[in-house]
2 protein chains.
Amino acid sequence: MAEINNTEQDILDAAEKLFLRKGFALTSTTEIAREAGCNQALVHYYYRTKERLFTRIFQQKMYLFLAHFIDGSRKNMPFETKIRKMAEAHFNMLIKNQQLPFFIFTELILNEGRLNILMDSLDENYEEVYRIFNDELQEEIRKGHIREMTFLDILLVIVSLNGMLFMLNPILRKGFTGTGDNYREFINHRREENLRIILQSLKP
Amino acid sequence: MAEINNTEQDILDAAEKLFLRKGFALTSTTEIAREAGCNQALVHYYYRTKERLFTRIFQQKMYLFLAHFIDGSRKNMPFETKIRKMAEAHFNMLIKNQQLPFFIFTELILNEGRLNILMDSLDENYEEVYRIFNDELQEEIRKGHIREMTFLDILLVIVSLNGMLFMLNPILRKGFTGTGDNYREFINHRREENLRIILQSLKP
DNA sequence: GATTTATTTAATAGCTCTATTAAAAGCGAA
DNA sequence: TTCGCTTTTAATAGAGCTATTAAATAAATC
């Protein structure tokens, strides 16, 4: 990170908080300035446009969201262990960034430009990772350890189960009154359920 | 449906189309009027406020989204068959209403008022259905047909796998160039995968 | 055909939003 | 202290938004 003075950082923090909660369209630079405790013009002074400020945050979050898949591919472990680690890392990241799935999906779906940028980045940076995983997967299938499926199939199950759980967060929480303990317990229960289902889905 | 003249219906159709695509906040009454081919003031003449127009559409979609769960509970079938039927009905409904999951989640998360209305409606209309399903499930567990789990666990798996697939629609489509045939094939493949995973997740 | 009622329009009030601008305040170096 | 640069502010242009209003047109009823 480049050195950054207090106000500039405050604006970035305020923007991150609000963009994550309400998305690009529903967050105004006026509101960001209020949250950061500064004048609205300062937001534009430091970041020129709302779009540029947003993009900076969005790309960082996007990276956070995708990083595990690369990590997993580097390690030398049995394939099933890689998948387990990947699913666990994904879940743990989501626990610390619960607003992430909703944020990313919303912005990708509402803005085709951002989706195109993502697809280009996937082609450039993740195609090889994907290929390696897929080759390894096909080898496991050939050996009869895993049933006939593609790596996309595996990814979808992980992303669906883990992602949707946290996208439903605001809705599910309403059902758990009282202290947050019950809810935390519930999330831990779901962690085990999801992992179990993901691994079971590999079995022939 | 009450009788409704052409313009009034055109406005409703235009609003539905735009709200589903872009959500409440990003759709303007001006745009709805343009889509409906009428003056902007007419939107307000027939529906008073954007909020009332939206609510009308939202409630109808909400009902569409929840209806299957009731249907399934009425029939007299083995429990596992009920779950299968429920998952299939859910998937088929989503195929015909692909924008539905994104639309509903977005509006529920961005507007706490709508979420509260939903929760009240669930308490009122679905609590009994839920109880019946859950009792039946506990009986199956006691008999050893199904492993230890709650009905919420089952619902989450169905909603996650089916819902996320269609929320990812715009992203996944980008990967399938050419005619839509490949994509349709892929969706059918995922239908079977999801069903398989859902039913397997019940097994002890 | 005249009169009442329903539909449609243009115009606009009153907001809020993004981005810019010119001026003011703060501050380190000469 | 003064100069030059950075940071901050108030003010505002220009646009889009929702909702209303009064007037115009079309349709229905007598």
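Per chain, numbering begins at 1; letters A, B, ... match sequence-line order. Values below: all heavy atoms of this structure, side chains included; hydrogens, waters and symmetry mates excluded. Bear in mind that the values here come from a model prediction, so they are computed numbers and not experimental data.
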(message) If the condition is side-chain contact (heavy atoms from CB on, under 4.5 Å), which residues does Arg34(B) pass it with, not counting sequence neighbours?
(response)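 side-chain contact (heavy atoms from CB on, under 4.5 Å) check on Arg34(B) returns Glu31(B).
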(request) Indicate whether the side chain of Thr30(A) and that of Gln40(A) have a donor and an acceptor atom separated by less than 3.5 Å. (result) no
(request) Check whether any side-chain heavy atom of Leu18(B) sits under 4.5 Å from a side-chain heavy atom of Arg21(B), and report yes or no. (result) yes
(message) How many whole angstroms separate atom CD of Gln9(A) from atom P of dT7(D)?
(response) 14 Å
(message) Rounding to an integer number of Å, can you tell me how far Leu42(B) CG sits from dA24(D) P?
(response) 17 Å
(message) With a 3.5 Å distance limit and no angle check, can you tell me whether Gln98(A) reaches the backbone of Ile95(A) through a side-chain donor-acceptor pair?
(response)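 Checked: pair present.
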(request) Going 5' to 3' through nucleotides 11-22 of chain D, assign each nucleotide B (protein heavy atom under 4.0 Å from a base atom), S (under 4.0 Å only from sugar-phosphate atoms) or - (no protein heavy atom that close). (result) ------SBBB--
(request) Take the angle between the ring planes of Phe58(B) and Phe54(B) and call it parallel below 30°, perpendicular above 60°, tilted in between. (result) parallel
